[in-house]
**Q** 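Sharing a structure with you now.
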Number of protein chains: 2
Amino acid sequence: MLADIEPVNRESTAGIIARQLRDAIMTGALPPGTQLGETELAARFQVSRGPLREAMQRLVSEGLLRSERHRGLFVIDLEPGDVYDIYAARSAVERAAAIRVMRGGDRERVTAVLDAAVAAMAEADEQDDPAALTEADLRFHEELIEASGSKRLARMARTLLIETRMCLTALQGTYGRNAQGVDERVAEHNQIIAAIREGDEVAVLTLLEAHMEDAVQRLAPGTSLHADAVPHVPSGTPLPGAG
Amino acid sequence: MLADIEPVNRESTAGIIARQLRDAIMTGALPPGTQLGETELAARFQVSRGPLREAMQRLVSEGLLRSERHRGLFVIDLEPGDVYDIYAARSAVERAAAIRVMRGGDRERVTAVLDAAVAAMAEADEQDDPAALTEADLRFHEELIEASGSKRLARMARTLLIETRMCLTALQGTYGRNAQGVDERVAEHNQIIAAIREGDEVAVLTLLEAHMEDAVQRLAPGTSLHADAVPHVPSGTPLPGAG
DNA sequence: ATTCCTCGGATTGTTGACAATCATACGACT
DNA sequence: AGTCGTATGATTGTCAACAATCCGAGGAAT
């Protein structure tokens, strides 16, 4: 059995660094608005500035970093309108993923994986671990998209889920949204799983859309996915970034 | 009146080169499978290999280039399954964009812009200019997404439209799909515009989905968006790349 | 004839140094 | 006192050289 022994080195340095940077942004180690000093980061990664810059350019094209010439690279600021934008995009991507899963996907395997994610959510809730809860929540959606088998949906979703987590950490201090809606969230996820298991595509899509709508409501009350296109919150007021 | 005079330089070299590379890939100047020699390209852009490599890393993260360590960067090969993947993703993105346009978008302005694109299509058809026809077709969809005002949908669509054009140029020699379906295509676009003008969201979405489905049918007959998840065409058979 | 090994050219990966630009603090002038 | 101009330190942008790896040609051995 010499299966899956092909990956020898085969990952570029830029790719490795880019992944670590994504993690740092996602977890809040690099809060929105932070400038990424090249010298310092390069020293931390133990590489020179060249590979580091290449990695950062990847994140620029993903929209996670914003580039100002001769000034530096900064973690993007999430303005209120972005919350809507992110969830609208996610809604589109996850809908497409769900469709693909329902038509020809291995529904049994999918529901098993998703069940595990929801179980982890409940577990995290019992232990009052909001970080683990968020992680499990996002894993649910990540697995759903992974199950679609679409390279492009997966790539788009990766960035969107990072931004989602950025929103959550940016807003979790503002609103005390802790134990409040978790039962509801778990229930919504379970309903989606049930619909997948039963093969009811319309129900899956409906539940998924409602779930995304609820998520936006929880994060930015009054800002509906179904409201006017770009809900005109006063722009230029970035969400809280660093501590 | 000192409006919109802010953009002085403010675009990184990597950004400029990346844009040109995207164009080259889109137009087929860099066909699928082509290796991008750094020395040669750097000389052509009149820069050193540093900025060029940074630009190429952007395209890697967009999925337009594939990186093989110590071997080089290559334009991605489009396999049959990718045609389906691309159109499924486009369908999701454009659907979301259409929703946003229908809810709070300036429908009058949008329809005007889209009308212009369709007019360009008809014009190109009369003059037997398939390249211009494709360009106008893609412009239609690009404008629709632009009108949604969503940064993220626009970013995702940009890559998808490039890949769409890659598919078209890869297959246009194979199938003689020239004058055959253009009337149908123009008609479909016009129907979408009409539905937008009338404010009939359901009709817009239905027509859009049908339009994407037809597009796949025209490109890869037998491969439906609605068929089994990843239609199992024999993998490892890339679409024709270079001449 | 085929296989294996070795060597040389060519390309990629990485680095440190240099040039250009920006931000800030300080001082001069109105 | 306030504003402008200047100098200095720090950071980014760019480059050319060096190291590591890969690919193909050629030859030797079986």
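Because the structure is a prediction, the values reported are computed rather than measured. We name chains A, B, ... by the order of the sequence lines, and we start the count at 1 in each one.
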**Q** What's A/G72 touching, base or sugar-phosphate or nothing? Going by heavy atoms closer than 4.0 Å.
**A**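 Sugar-phosphate only.
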**Q** Among D/dT14, D/dC23, C/dC22, which nucleotide sits nearest the side chain of A/H70?
**A** C/dC22
**Q** Ignoring the backbone of A/T13, work out which of C/dG13, C/dT11, D/dT12 is nearest its side chain.
**A** C/dG13
**Q** Other residues, nucleotides and ligands only: do more than 12 of their heavy atoms fall within 6.0 Å of CD on B/E38?
**A** yes
**Q** More than 12 heavy atoms of other residues, nucleotides or ligands under 6.0 Å from CD of A/E143: is that the case?
**A** yes
**Q** How close or far is atom P of D/dG13 from atom CZ of B/R53, stated in whole angstroms?
**A** 17 Å
**Q** Does B/A29 have any side-chain contact (heavy atoms from CB on, under 4.5 Å) partners at least two apart in sequence or in another chain, and if so, which?
**A** B/A24, B/T27
**Q** Grab the CD-P distance between A/E54 and D/dT14 for me, whole Å please.
**A**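 After rounding, the gap between these two atoms is 14 Å.
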**Q** Can you tell me how far CZ of B/R22 sits from CZ of B/R58, rounded to the nearest 0.5 angstrom?
**A** 7.5 Å
**Q** With heavy atoms under 4.0 Å as the rule, sort B/E40 into base, sugar-phosphate or nothing.
**A** nothing
**Q** Using the side-chain heavy atoms of A/R71, tell me which of these nucleotides is nearest: D/dC15, D/dT12, C/dA23.
**A** C/dA23
**Q** Salt-bridge test for B/D77 and B/R66: reply yes if a basic N is under 4.0 Å from a carboxylate O, no otherwise.
**A**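 Answer for the salt bridge query: yes.
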**Q** Enumerate all atom pairs, one protein N or O and one N or O from nucleotides 5-7 of chain C, separated by less than 3.5 Å.
**A**
none

**Q** Is the base of C/dG13 touched by the side chain of B/R49 through a donor-acceptor pair closer than 3.5 angstrom?
**A**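 In this structure, the two groups form a donor-acceptor pair.
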**Q** Output the rounded distance in Å from CG (B/L65) to C1' (C/dT12).
**A**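 Going from B/L65 (CG) to C/dT12 (C1'), I get 15 Å.
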**Q** To the nearest Å, give me how far apart CZ (B/F74) and C1' (D/dC23) are.
**A**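 Checked: the CZ to C1' distance equals 12 Å.
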**Q** With heavy atoms under 4.0 Å as the rule, sort A/L36 into base, sugar-phosphate or nothing.
**A** sugar-phosphate
**Q** Thinking salt bridges, do B/E62 and A/R155 make one under a 4.0 Å N-O criterion?
**A**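 Salt bridge between B/E62 and A/R155, a charged N being under 4.0 Å from a carboxylate O: no.
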**Q** How many angstroms lie between CZ in B/F45 and CD in B/E40, if you round to the nearest 0.5 Å?
**A** 10.5 Å
**Q** Quick one: A/Q57 CD to C/dG13 P, roughly how many Å, whole number?
**A**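 Between P of C/dG13 and CD of A/Q57: 16 Å.
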**Q** Rounded to the Å, how far apart are B/E68 CD and D/dC22 P?
**A** 11 Å
**Q** What contact category does A/R69 fall into here, base, sugar-phosphate, or nothing, at under 4.0 angstrom with non-hydrogen atoms?
**A** sugar-phosphate
**Q** Please convert DNA chain C into dot-bracket. A pair counts if it is Watson-Crick or G-U wobble with both distances under 3.5 Å; crossing pairs go in [ ] and bases paired with another strand get |.
**A** ||||||||||||||||||||||||||||||
**Q** Output the rounded distance in Å from CE (B/M56) to C1' (C/dG13).
**A** 11 Å
**Q** In sequence, state the C-alpha distance, the side-chain angles, and the governing distance for A/R19 and A/E11, and then conclude on salt bridge (Lys or Arg N to Asp or Glu O under 4.0 Å).
**A** CA-CA 11 Å; A/R19 183 150 36 80; A/E11 184 169 11; 3.0 Å; yes
**Q** What I want to find out is whether B/D85 reaches A/R100 closely enough, with some N-O distance under 4.0 Å, to be called a salt bridge.
**A** yes
**Q** For the side chain of B/P51, starting at C-beta, report the closest nucleotide among D/dC15, C/dT14, C/dT11.
**A**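 Given the options D/dC15, C/dT14, C/dT11, the side chain of B/P51 is closest to D/dC15.
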**Q** Could you please name the option among C/dC22, C/dG13, C/dT15 that lies closest to any side-chain atom of B/R10?
**A**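 In terms of side-chain proximity for B/R10, the closest of C/dC22, C/dG13, C/dT15 is C/dC22.
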**Q** Looking only at side-chain atoms of A/Q35, point me to the closest of C/dC22, D/dT11, D/dC15.
**A** D/dT11
**Q** Report the distance from atom CD of B/E11 to atom C1' of D/dG13, rounded to the nearest whole Å.
**A** 15 Å
**Q** Hey, are B/S61 and A/S61 close enough side-chain-wise for a donor-acceptor pair under 3.5 Å?
**A** yes
